[in-house]
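Below is one structure, written out as structure tokens; the observations come after it.
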Amino acid sequence: GALDLFVAKLDSAGNKEWTKCYGGTGDDGSAFDMAIHAIADGSGGFYILSRTDSHDGQVQQRQPDGTDFWLLHINAAGDLLWENTYGGPSYQFPSAFCRASDGSFWMGGTFYPSGLGGMVDIAYGKTDVWIVHTDSMGNFINQRVLGNTQDDALMALHPLPDNTVMAVGCYVEAFGGTSPGFPATVEGGMDVFMARLGPHTVSLEDKQATQFHWELFPNPSTTEVHIVVQGTAKKCKLTVRDSKSRIVYKNTVKDRLVIPTKEWTPGLYLVEIIDSKGNASTKKLSVL
């Protein structure tokens, strides 16, 4: 295609053993920055984080639009074992990659918020930090947007022994909205921020104040998902939408509800519950 991801295997003397290209007919890899990262898998292969805007070739798990994170696993011979993409209708450029102590992956970078959808649920300014958490096979678990109304960038992700991850980046002072807990002021023109993220990263919707509490599990789901609601004596309205905001399921729930997901298209869904007083809360559900 236009641009491909290029990988060369060298021996200890620097002699070439093999070279391979990965991608589709669009732009894959990173031609203009240092947004390619690799982690050894312990068996001679590598997990490689790059970016793509292809929809074909070896890019089969593509998000709808823009430029997305692209995660590949190759073996010692350079054969592609699996791949997946993460993003929304805008542009996401990776800048940091790490593997947590539980084997899951954390990746992050710069998000240009020209549109929301897909796996991106909120935006704050000119550029935001976007961090994605996946399991050991690259299956999407959750995501988090950090930033303010100006320019924010992620510089590093570092795994900690308790399965949490330290995110480090830079930001410019802004006046207006910020992500929950993000610094509102700076000491100079640009400052460093640090954020510690847990394995169950939540989005802004989960922080909304409601008078009831609810959970959904398992997440990711393969055959069914359980909804458990507490703190309300009346039935709540439940709506499930896909990544394109289309309603795929509607019902009411009071205490517990089991929703079959076996026939659903794999991807990200938004589950919204509204109680009898109009309090609303939204959670993400990943279906494999």
Side-chain angles (χ1 to χ4, degrees), residues 33-35 37 49 51 63 66-69 86-100 104-134 140-210 213 219 268 270 272 279-284 286:
D33 55 34
M34 301 298 291
H37 305 268
L49 175 64
R51 68 176 187 236
Q63 293 299 307
T67 298
D68 293 332
F69 294 178
Y86 316 91
S90 185
Y91 295 89
Q92 292 76 218
F93 299 104
S95 59
F97 184 36
C98 75
R99 195 175 191 188
S104 64
F105 295 104
W106 292 78
M107 64 197 86
T110 302
F111 160 55
Y112 291 81
S114 60
L116 298 178
M119 297 176 178
V120 183
D121 63 344
I122 196 168
Y124 295 98
K126 295 179 179 178
T127 63
D128 290 326
V129 170
W130 192 55
I131 299 174
V132 178
H133 186 204
T134 77
F140 176 82
I141 295 176
N142 219 326
Q143 57 85 49
R144 185 76 181 237
V145 179
L146 300 174
N148 59 30
T149 57
Q150 294 298 315
D151 291 313
D152 314 292
L154 181 70
M155 308 306 293
L157 289 169
H158 181 75
L160 301 175
D162 61 354
N163 293 337
T164 62
V165 167
M166 186 66 71
V168 181
C170 55
Y171 70 103
V172 177
E173 183 176 15
F175 300 94
T178 67
S179 58
F182 196 82
T185 61
V186 298
E187 298 299 324
M190 178 177 289
D191 276 357
V192 170
F193 75 85
M194 300 179 69
R196 186 181 181 191
L197 302 178
H200 300 291
T201 307
V202 298
S203 60
L204 180 63
E205 287 86 349
D206 299 305
K207 297 289 186 179
Q208 293 173 338
T210 60
H213 174 75
N219 190 13
L268 182 68
L270 293 179
E272 182 185 54
N279 296 311
S281 179
T282 303
K283 296 182 186 292
K284 293 182 179 63
S286 180

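Since this is a predicted model, take the numbers as computed values, not measurements.
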Salt bridge (charged side-chain N to carboxylate O under 4.0 Å, His left out) contacts touching residues 87-96 (sequence neighbours left out):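 Sorted pair list comes back empty.
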Side-chain touch Tyr124/Val145, heavy atoms, less than 4.5 angstrom: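 Tyr124 reaches Val145 side chain to side chain.
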4.5 Å side-chain heavy-atom contact, Glu272 and Leu270: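 They are not in contact (no side-chain heavy atoms under 4.5 Å apart), so the answer is no.
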Results of side-chain contact (heavy atoms from CB on, under 4.5 Å) for Leu268 - residues two or more places apart only: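 Residues passing side-chain contact (heavy atoms from CB on, under 4.5 Å) with Leu268: Met119, Phe140, Lys284.
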I'd like to know if the side chain of [X] and the backbone of [Y] have a donor-acceptor N/O pair within less than 3.5 Å.
| X | Y | result |
| --- | --- | --- |
| Asn219 | Ser286 | yes |
| Gln92 | Thr67 | yes |
| Ser95 | Leu154 | yes |
| Thr127 | Asp151 | no |

Pair Asp152-Phe111, side chain to side chain contact (heavy atoms under 4.5 Å, CB included): steps then yes or no: CA-CA 9 Å; Asp152 314 292; Phe111 160 55; over 6 Å; no
Closest non-hydrogen atom pair between Gly87 and Val120, with its separation: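 In terms of heavy atoms, the two residues are closest at C-CG2, 4.2 Å.
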Minimum heavy-atom distance Phe193-Pro183, with the two atoms named: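 Closest pair (atom of Phe193, atom of Pro183, distance): CB-CG, 4.2 Å.
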Going from [atom1] on [X] to [atom2] on [Y], what distance comes out if it is rounded to the nearest 0.5 angstrom?
| X | Y | atom1 | atom2 | answer |
| --- | --- | --- | --- | --- |
| Met107 | Gln143 | CE | CD | 12.5 Å |
| Trp106 | Arg144 | CH2 | CZ | 10.0 Å |
| Arg51 | Asp68 | CZ | CG | 11.5 Å |

Trp130 and Tyr86: CA distance, side-chain angles, deciding distance, side chain to side chain contact (heavy atoms under 4.5 Å, CB included) verdict: CA-CA 10 Å; Trp130 192 55; Tyr86 316 91; 4.1 Å; yes
Candidate pair Ile131 and His133, rule side chain to side chain contact (heavy atoms under 4.5 Å, CB included), full reasoning: CA-CA 7 Å; Ile131 299 174; His133 186 204; over 6 Å; no
Phe182 and Asn148: CA distance, side-chain angles, deciding distance, side chain to side chain contact (heavy atoms under 4.5 Å, CB included) verdict: CA-CA 8 Å; Phe182 196 82; Asn148 59 30; 4.0 Å; yes
Residues forming a ring pair (Phe, Tyr, Trp, His ring centres under 6.0 Å) with Phe105, sequence neighbours excluded: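 Applying ring pair (Phe, Tyr, Trp, His ring centres under 6.0 Å) to Phe105 gives Tyr47, Phe97.
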Extract all donor-acceptor atom pairs below 3.5 Å that involve side chains of residues 161-173 and protein atoms in other chains or at least two apart in sequence.
from, atom 1, to, atom 2, distance (Å)
Asp162, OD1, Thr164, N, 3.1
Asp162, OD1, Thr164, OG1, 2.5
Asp162, OD2, Arg196, NH2, 2.4
Asn163, OD1, Ser101, OG, 2.4
Asn163, OD1, Asp102, N, 3.2
Thr164, OG1, Arg196, NE, 3.2
Tyr171, OH, Thr185, O, 2.7

